[in-house]
Amino acid sequence: MTNPSAAEFPETYEHTEVETRIAALWEDARLYDYDPHSPNPVYSIDTPPPYVSAAHLHVGHAMSYAQAEFVVRYRRMRGHSIFYPMGFDDNGLPTERFVERTYKINKHNVTRSEFRRICLEETAKGAKVYERIWRALGLSVDWRLRYSTIDPHSRKTAQKSFLDLHRKGLLYRTDEPVLWDTADETALAQADLDTLERKSKLLDIAFAGEDGSDLIISTTRPELIPACVGLFFHPKDERYAHLRGKHAKAPIFGQPVPILESEEVDPEFGTGLMMVCTFGDAEDVRKWREHKLETRLVLTRNGRLNELGGKYAGLQAPQARAAIIEELKTQGLVRGERAIEQVVSIAERSGQPIEFQMVPQWFIRVLDAKEKFLARSAQLEWHPPHMKTRLDQWIEGLRYDWNISRQRFYGVPFPVWYVEDTGEVILADEKDLPVDPTEDDPPAWAREKFAGKTIVPESDVMDTWMTSSLSPEINTNWAETPGRIGDPSMLPMSLRVQAFEIIRTWLFYTLVKSHYQRNDIPWKTVMISGWGLNEQGKKIAKRDLEASTDASGFNRYDPYSIIQRYGADALRYWAAGSRLGNDLRYNEKDVKSGRKFVVKLWNVGKLCATYGADFDPTKDIVPLAERPPEDRWLMSRLDHVVEHVTESFESYDYALGRDALEKFFWSVYCDNYLEIIKHRFWHPEAYDSQSTASAQSTLSESLRVMLSLIAPYLPFVTEEIYQRMFAAGEGAKSIHVTTWPLADSSRRDPEAEVSMQLVLQALEGWRFARSNAKLPARQAIERIVLDVPEEARPGLAAVDATLRSALRVQNVEFGEGELDTGHEGWKLSVALGAEPVT
RNA sequence: GGGCGAGUAGCUCAGUUGGUUAGAGCGCCUGCCUUACACGCAGGAAGUCGGGGGUUCGAGUCCCUCCUCGCCCACCA
């Protein structure tokens, strides 16, 4: 209404047409480009780089990215200079597998750089798909700030990080036993483990004592008998005291096994005699270390028995187990057998039970800095606060330093060579990064210094988290890659947004890196989102996504599909429905509700434009104090909402804001205020001369404020209405770069709120009576007689015009009434008009 | 076994520091195509707030205890 050149509002809201056009408008205006020269405070966001190659994006992902974005849009309107990058993760095993499968190649017939080239091509394709969806969803990302975890900039950053930590003495290389995945044939870190409950058999098996007596141990893993290097009993266990210093003979394999004591043996478990092998579990590793036991590794890196397994050599562990049990039984050495529930550590990716192997690995020290990490955790502002506990408990429970070596082909290489005979470490020069030691030469100084010696490259690659943990540094160009936008002075970044399941990995590792590299926190605030779940409250699986396309091609879990059918605003409306940190079930009907909200808002815009066609806010505004009570009431109520929504964004609890807005918009603004003031427009002659201009002033002001409040949630429809009604008048390119409305006490009007309570009670009573009387909508009403308590009458009489406007009748009187109003002590009667309203 | 979170209408969830008769959306029932909107409007039914105990003038809200569900961690002889 404030825009004299505002185009006519089309009858219906075509979301696809509008959203496409608005997205282009933002794009043309370069609205989301980060401006390094802006005088405004920077607000920077670190969001998860999704796996591009997997292509399994579902509504749950859309939900978490949308949630981050609500906050971003709010901050932009609060006057921050927004730095909002987007990354893609194409590092790690899933990508390796994907490329091998798709291109029918493997690491034996291509070089790393060739493999990387293919991966980057795939990334570019995948990133396009993602970018299309993210843009469609309205994410206000600066796409110039894109990174991929395998691109040269990220590789350089990861390698620089390695050099930095090495220089600081925080890295070491050792061939201690490491967690090993026999399926993927690589070492893993503690954070890569999962647990599996399964049924297992606990067998009592007889070893032979020196005097020929039976020494019974209990084990679930008889295939490790050839790796047995000790039997342990508790020092106070009298039953075995006589065995002190003696040896036992292992069944079948016959090796002599020392009998030793340890406080950690539970005399109550089994026979109280414990078999220790290299290595059945973490406990075995501990005993091996403490008691300096022999090393008899019987399992190979791919999970088979080696020559120590004698005739069972070459068998996979489970087959060997079965065969060995068979032989033990034949020899009568199995003395007991019972089924037990067992919990085993498995590799998160492959699902294989974890073994231990001795392979030289690079470790980052974390165990001796737990207290420091806990202190860093306490420096962060957590939303919701209880998520901090998850990180703290993980830190407290750490048992291993961070193993960053992976025996895989694809990933970020270590910037390291070794002198073959001495094992001396040669590090790359920082100016040469990124390097691949399997293809690049070592630095010139090293070639000179070790001339004549054989120099071998490190062939392992780094743990994928070694790179991802640097997302703040990658974003802000800590490695100083020429041409990248971003500046390390932005560190710590403002906000990290992520889901809870990667607190122990992504969040923890990022904290470690920041602490070690810059002696600082990575970001000031952490926002932990929940998951978007399916209708049954379960995680949306890849197969759910794949099996959910209907005959028309609509996939009910595919964000793009949903956006096409209901619009991005509708999907975002659903995403705004969960309290931060809580999971949110996906229901199509909630997206439909979002769609209804969008359409309702559109219709309000249309109505306001119609009623305000001849209104010029530069000269027609009626001062608030001079407007009728219903106008002052509306503005007062609106001010409460402004405060509420602002608070909800400040506490990252956008869902509370959405609720408050929706209730206000729908029931206060539409169902009451708009319905009340219509009468003023229909019968201006019945009201004072300013009443139309008052309503127009209020409509204009309140709609403008509401559009701003709703803009972070529903950026498209709010922009569309803004462009039609306010943009030209305000001279702004977009509602998203206008100023956030703040609460304004001059709008508060307790007096109007009190008088409107009476009016609304009368209105409710009238609606109740009307509904009971089943009056047709077009029934003309001559007069309404209110039969209300004496004490209410002066208040109502004082706002007579408002009352008539609300009840939509020219004559309101007090007197006797017979119709029930649903309110104690309130009745009314009504004089019907002769003719129906036309 | 330790920890975190949750249990409120048929379903999904709000309910700030304890304060009248516990709310919303969806669903259900009754009317209404009323000059923005039938993707709408008006009205209605529906809850012993997981169980038990306690503090208080007053408890969905605070304390104790038990039960159920989800997640994280530990448990591998």
Side-chain angles (χ1 to χ4, degrees), chain A residues 9 11-13 195-198 200 202 217-221 224 231-232 264-266 269-277 280-284 287 340-346 353-354 384 386-394 396-397 399 500-501 503-504 530-531 533 535 537-538 566 570 577-579 581-587 589-590 592-611 644 647 655-656 659-660 662-663 666-667 670-671 674-675 678 681-682 764 766-779 808 822 824 836-838:
Chain A
F9 269 64
E11 260 316 295
T12 54
Y13 184 75
T195 54
L196 175 73
E197 280 183 43
R198 65 174 186 189
S200 183
L202 186 64
I217 57 98
S218 299
T219 183
T220 53
R221 303 198 60 185
L224 292 182
L231 297 188
F232 283 75
E264 279 148 58
V265 175
D266 175 6
F269 188 95
T271 57
L273 202 54
M274 175 183 184
M275 170 173 92
V276 171
C277 309
D281 59 20
E283 186 54 39
D284 285 355
K287 294 226 164 31
I340 57 164
E341 284 289 327
Q342 191 189 29
V343 182
V344 294
S345 286
I346 57 171
I354 283 293
H386 70 256
M387 290 294 181
K388 174 175 181 292
T389 313
R390 297 209 178 192
L391 177 65
D392 292 353
Q393 289 181 346
W394 174 256
E396 284 160 7
R399 289 185 297 144
F500 56 79
E501 88 281 9
I503 286 177
R504 70 183 194 181
W531 273 349
L533 304 175
E535 293 85 343
K538 302 284 178 203
Y566 299 109
S578 82
R579 296 293 304 273
N582 287 1
D583 294 339
L584 181 61
R585 291 187 188 199
Y586 177 71
N587 280 301
K589 67 178 176 57
D590 294 331
K592 287 180 186 166
S593 297
R595 162 90 187 140
K596 291 200 308 197
F597 187 87
V598 169
V599 170
K600 186 84 172 173
L601 186 60
W602 170 255
N603 281 308
V604 165
K606 201 162 65 177
L607 180 79
C608 290
T610 310
Y611 283 162
H644 199 121
E647 275 170 10
L656 293 180
D659 277 1
E662 188 182 5
K663 274 177 194 141
W666 213 290
S667 51
C670 294
D671 292 345
L674 291 181
E675 294 305 320
K678 278 175 179 174
F681 288 97
W682 297 344
E764 267 178 39
W766 168 224
R767 284 170 173 171
F768 184 87
R770 184 177 185 122
S771 191
N772 282 342
K774 302 201 192 305
L775 291 179
R778 303 172 73 189
Q779 175 64 51
R808 293 184 180 180
E824 184 79 30
V837 176
T838 50

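Hydrogens, waters and symmetry mates play no part in the numbers below; they use all other heavy atoms, side chains included. All of these numbers come straight from a predicted model, not from anything done at the bench. Naming: A, B, ... by sequence-line order, numbering from 1 per chain.
Using a 4.0 Å heavy-atom cutoff across all strands shown, A:C277 reaches no nucleic acid atom at all. Using a 4.0 Å heavy-atom cutoff across all strands shown, A:S345 reaches at least one base atom of the nucleic acid. Nucleic acid contact class of A:R595 (heavy atoms, under 4.0 Å, all strands): base. Within the 4.0 angstrom heavy-atom criterion, no nucleotide atom of any strand lies near A:D284. Backbone-only engagement by A:W394 is indicated by non-hydrogen atom pairs under 4.0 Å involving sugar-phosphate atoms exclusively.
Base pairing of B:C41: its partner is B:G31, meeting the Watson-Crick or G-U wobble criterion (both donor-acceptor distances under 3.5 Å). A 3.5 Å limit on both hydrogen-bonding distances identifies no Watson-Crick or G-U partner for B:G60. Base-pair partner of B:U68: B:A6 (Watson-Crick or G-U wobble, both distances under 3.5 Å). Applying the Watson-Crick and G-U wobble criteria (two distances, each under 3.5 Å), B:U55 pairs with nothing in any strand. Applying the Watson-Crick and G-U wobble criteria (two distances, each under 3.5 Å), B:G25 pairs with B:C11. Pairing of B:A46, defined by two Watson-Crick or G-U wobble distances under 3.5 Å, is not identified with any nucleotide.
The side chain of A:N772 has B:G43 as its nearest neighbour among B:A77, B:G43, B:A36. With B:A77, B:A42, B:A36 as the candidates, the nucleotide lying closest to the side chain of A:S771 is B:A42. Listed candidates were B:C75, B:G3, B:A24. Nearest to the side chain of A:V343 is B:C75. If you check B:A42, B:C76, B:G3 against the side chain of A:Q393, the one that comes closest is B:G3.
Remark: A:Q342 is in phosphate contact with B:A77, judged by side-chain N or O atoms under 4.0 Å from OP1 or OP2. For the pair A:R585 and B:U12, the criterion of a side-chain N or O lying under 4.0 Å from OP1 or OP2 is met. A sub-4.0 Å separation between OP1 or OP2 of B:A14 and a side-chain N or O of A:N582 is present. Proximity of A:K678 to the phosphate of B:A36: a side-chain N or O atom is located under 4.0 Å from OP1 or OP2. Applying the 4.0 Å criterion to OP1 and OP2 of B:C75, one finds that A:R399 has a side-chain N or O inside that range. Proximity of A:Y13 to the phosphate of B:C39: no side-chain N or O atom is located under 4.0 Å from OP1 or OP2. A close approach under 4.0 Å does occur between a side-chain nitrogen or oxygen of A:R579 and OP1 or OP2 of B:G15. Dashed line: the shortest gap from a side-chain N or O of A:K596 to OP1 or OP2 of B:C26 is under 4.0 Å. Phosphate contact (OP1/OP2 of B:C41, side-chain N/O of A:K600, threshold under 4.0 Å): present. OP1 or OP2 of B:C41 has at least one side-chain nitrogen or oxygen of A:W666 nearer than 4.0 Å.
Put simply, CZ on A:F500 is 7 Å from P on B:C72, counting in whole angstrom units. Taking atom CD of A:E764 as the reference point, atom P of B:G44 lies 8 Å away to the nearest angstrom. Atom CG of A:L674 and atom P of B:A36 are 10 Å apart (whole Å). Atom CG of A:L202 is separated from atom P of B:C75 by 17 Å (rounded to the nearest Å). One interatomic measurement links the two molecules: CZ of A:F269 to P of B:G1, which rounds to 17 Å at whole-angstrom precision. When the P atom of B:C72 is taken as reference, atom CD of A:E197 falls 12 Å away, rounded to whole Å. Atom pair A:L656:CG and B:U16:C1' shows a separation of 9 Å (rounding to whole Å applied).
Of all the heavy atoms in A:T271 and A:I217, the pair that sits closest is OG1-CA, 4.0 Å. A:S218 and A:G270 make their closest contact through OG-CA, 3.7 Å (heavy atoms, listed as atom of the first residue, atom of the second, distance). The two residues A:K596 and A:W666 make their nearest non-hydrogen contact at O-CH2, 4.0 Å. Of all the heavy atoms in A:R221 and A:G280, the pair that sits closest is NH1-O, 3.5 Å.
B:U34 and B:A46 have their C1' atoms separated by 29 Å, with the value rounded to a whole Å. Taking atom C1' on both nucleotides, B:U48 is separated from B:A59 by 15 Å, rounded to a whole Å. Between B:C4 and B:G40, the two C1' atoms lie 44 Å apart (nearest whole Å). Annotation: B:G70 and B:G50 have their C1' atoms spaced 15 Å apart (nearest Å). Using P as the reference atom, B:G3 and B:A74 are 15 Å apart when rounded to the nearest Å. Nucleotides B:G23 and B:U65 are separated by 32 Å at their P atoms, to the nearest Å.
For A:T220 against B:C76, a side-chain-to-base donor-acceptor contact under 3.5 Å is absent. For A:E675 and B:A36, a side-chain-to-base donor-acceptor distance below 3.5 Å is present, hydrogens and geometry of angles not being considered. In this model, no side-chain donor or acceptor of A:K589 finds a partner on the base of B:C26 within 3.5 Å.
B:A42 has no base stacking with the ring of A:F768 when judged by centroids under 5.5 angstrom apart and an interplanar angle below 30°.
Taking the nucleotide of RNA chain B with the nearest heavy atom to each of A:R198 and A:E11, the more 5' of the two is matched to A:E11. When the nearest nucleotides of RNA chain B are assigned to A:S218 and A:E662 by heavy-atom distance, the more 5′-ward of the two goes with A:E662.
Donor-acceptor pairing under 3.5 Å is recorded for the side chains of A:N603 and A:K606.
In this structure, A:F681 and A:Y611 have parallel ring planes: the angle between them is below the 30° cut-off, well short of the 60° mark.
Counting heavy atoms from C-beta on, the side chains of A:E197 and A:V343 come closer than 4.5 Å. In this structure, the side chains of A:Y13 and A:V598 come closer than 4.5 Å at one or more pairs of heavy atoms. Side-chain contact check for A:D284 versus A:M275: every heavy-atom pair is 4.5 Å or farther apart.
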